[in-house]
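A short write-up of the structure that comes next.
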Amino acid sequence: MAITADYHLHSSFSGDSDAPMEAMIQKGISLGLTQMCFTEHMDFEYPVSEETPAGFFEVNTDSYLYDLLKYRELYRDRIRVLFGIELGLQSHLVPLQAAMAASKPFDFIIGSSHLCAGKDPYQPYFWEGRSEEDALREYFSSIIENLETFTDFDIYGHLDYVVRYAPQKDKNYSYEKYADLFERMLDLLLENGIGLEVNTGGVRYGLKELHPCTALLRRYREKGGELVTVGSDAHRPEDLCRSFDRAEEVLKDCGFRYYTVFEKRTPRFLKL
């Protein structure tokens, strides 16, 4: 396996995972990873419900960092354990997002869009009363708004996350159909030195392609983009490094010869 760094991982410090951090680390070692970056959820103002009580997706960064440093030291001779966060972006929350990004010595920050107009595409009501295309256009437009208002993060996570939960998933989805929005997104990423995540988690949801779709990755490379991290979005040990061989193939096919890792918010390129 050429890709030996998984840069999108969750443990029990994230509301939607029960996985002990140490179990995730031990699994990473068994798979031959040289480094792994935990990116616990921080989604401010996530809608409160019976399933997601207040603060459900807001990690306790002090407790998280305490355990991470403990295991970093314990396993220092076997794997490098990095301190990251997945910051849920919403344009009206810029002050909170900025304060969080500056609050701890993060090695890596993923900016992700889990909410659009306060709604998660995971919830059926996000799609009600409009066409699938209209819903996707609203979601992608919100990413543009996020990029126009806040840029203190390193990589945009699973850029087309929304298609995981679309009524037809990615059956009717293509880069070309939303090229007008994607072109603006890519320009903003490049202008601000923000990269793209290749997220293999979409395969677990029955998608035809990884996040983002191959055509979007290829266009990012054509426009000069080079910053790409690879993450499994694993919330349990058995999902670490899932479909990493496929990610390697897709990246090479799109013209990438390197993937990226981060430490102290500084990128480093590793050969595919």
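Side-chain contact between Thr34 and Leu270: absent, with no pair of heavy atoms (C-beta onward) separated by less than 4.5 Å. When side chains are defined from C-beta on, Tyr156 counts as touching Ser113, because their heavy atoms get closer than 4.5 Å. Val250 is not listed as a side-chain neighbour of Val198, based on a closest heavy-atom distance of 4.5 Å or more. In this structure the side chain of Asp120 never reaches within 4.5 angstrom of the side chain of Tyr125, judged on heavy atoms. Side-chain contact between Glu40 and Met21 is present, with at least one heavy-atom pair separated by less than 4.5 Å. Annotation: side chain of Ile109 is not in contact with side chain of Met100 (no heavy-atom distance under 4.5 Å).
Note on ring orientation: taking the six-membered ring where Trp is involved, the planes of Phe13 and Tyr64 are tilted (angle from 30° to 60°). Note on ring orientation: taking the six-membered ring where Trp is involved, the planes of Phe150 and Phe153 are parallel (angle under 30°, cut-offs 30° and 60°).
In this structure, Tyr7 has its ring center closer than 6.0 angstrom to the ring center of Phe108. Proximity of the aromatic rings of Phe56 and Tyr46 is defined here by a centroid distance below 6.0 angstrom, and this criterion is not met.
The pair Glu148-Arg184 meets the salt-bridge criterion, with a side-chain N (NZ, NE, NH1 or NH2) lying under 4.0 Å from an Asp/Glu carboxylate O. Using a cutoff of 4.0 Å between basic side-chain nitrogens and carboxylate oxygens, Glu249 and Arg246 are not scored as salt-bridged. Between Asp107 and Arg80 there is no salt bridge, since no side-chain nitrogen of the basic residue lies less than 4.0 Å from a carboxylate oxygen of the acidic one. Look at Arg218 and Glu222 and you find no salt bridge, because none of the NZ, NE, NH1 or NH2 atoms lies under 4.0 Å from a carboxylate O.
Minimum interatomic distance between Arg265 and Asp154 (heavy atoms only, all atoms of both residues): NE-OD2, 2.9 Å. Contact record, Ile143 with Leu159: CD1-O, 3.3 Å, taken as the closest heavy-atom pair. In terms of heavy atoms, Leu227 sits closest to Pro267 at CD2-CB, 3.8 Å. Nearest heavy-atom pair, Tyr259 versus Lys271, reported as atom, atom and distance to 0.1 Å: CE2-O, 4.0 Å. Taking all atoms of both residues into account, the shortest heavy-atom contact from His114 to Gly88 is ND1-CA, 4.4 Å. In terms of heavy atoms, Asn146 sits closest to Ser91 at OD1-N, 3.1 Å.
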- Message: Run Arg137 and Asp134 through salt bridge (charged side-chain N to carboxylate O under 4.0 Å, His left out) and show every step you take.
- Response: CA-CA 5 Å; Arg137 284 194 164 273; Asp134 285 345; over 6 Å; no

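Once rounded to the nearest 0.5 Å, the distance linking CG of Asp239 with NZ of Lys27 reads 9.5 Å. A distance of 8.0 Å separates CZ of Phe126 from NZ of Lys119, quoted to the nearest 0.5 Å. One finds the CZ atom of Phe57 at 12.5 Å from the CE atom of Met42 (value rounded to the nearest 0.5 Å). Distance check, rounded to the nearest 0.5 Å: CG of Leu186 to CG of Leu216 gives 5.0 Å. In this structure, OG on Ser11 lies 10.5 Å from NE2 on His41, to the nearest 0.5 angstrom. Note that CG of Leu33 and OG1 of Thr4 are 7.0 Å apart. Values are rounded to the nearest 0.5 Å.
In this structure Asp187 satisfies the side-chain hydrogen bond (donor to acceptor under 3.5 Å, both in side chains) test together with Lys223, sequence neighbours excluded.
The residue from Arg164, His8, Glu197 that alone fulfils the side chain to side chain donor-acceptor pair (under 3.5 Å) condition with His211 is Arg164. Considering Leu82, Leu9, Ile29, Leu31 as possible partners of Met36, the one that fulfils the side chain to side chain contact (heavy atoms under 4.5 Å, CB included) test is Leu9.
Heavy-atom neighbours of Asp18 CG from other residues, nucleotides or ligands within 6.0 Å: at or below the threshold of 12. Other residues, nucleotides and ligands place no more than 12 heavy atoms under 6.0 Å from the OH atom of Tyr66. The 12-atom threshold is exceeded at NZ of Lys104, counting heavy atoms of other residues, nucleotides or ligands nearer than 6.0 Å. No more than 12 heavy-atom neighbours from other residues, nucleotides or ligands sit within 6.0 angstrom of OH on Tyr122.
Hydrophobic clustering, with ILVMFWY side chains joined whenever heavy atoms are under 4.5 angstrom apart, keeps Val59 apart from Val48.
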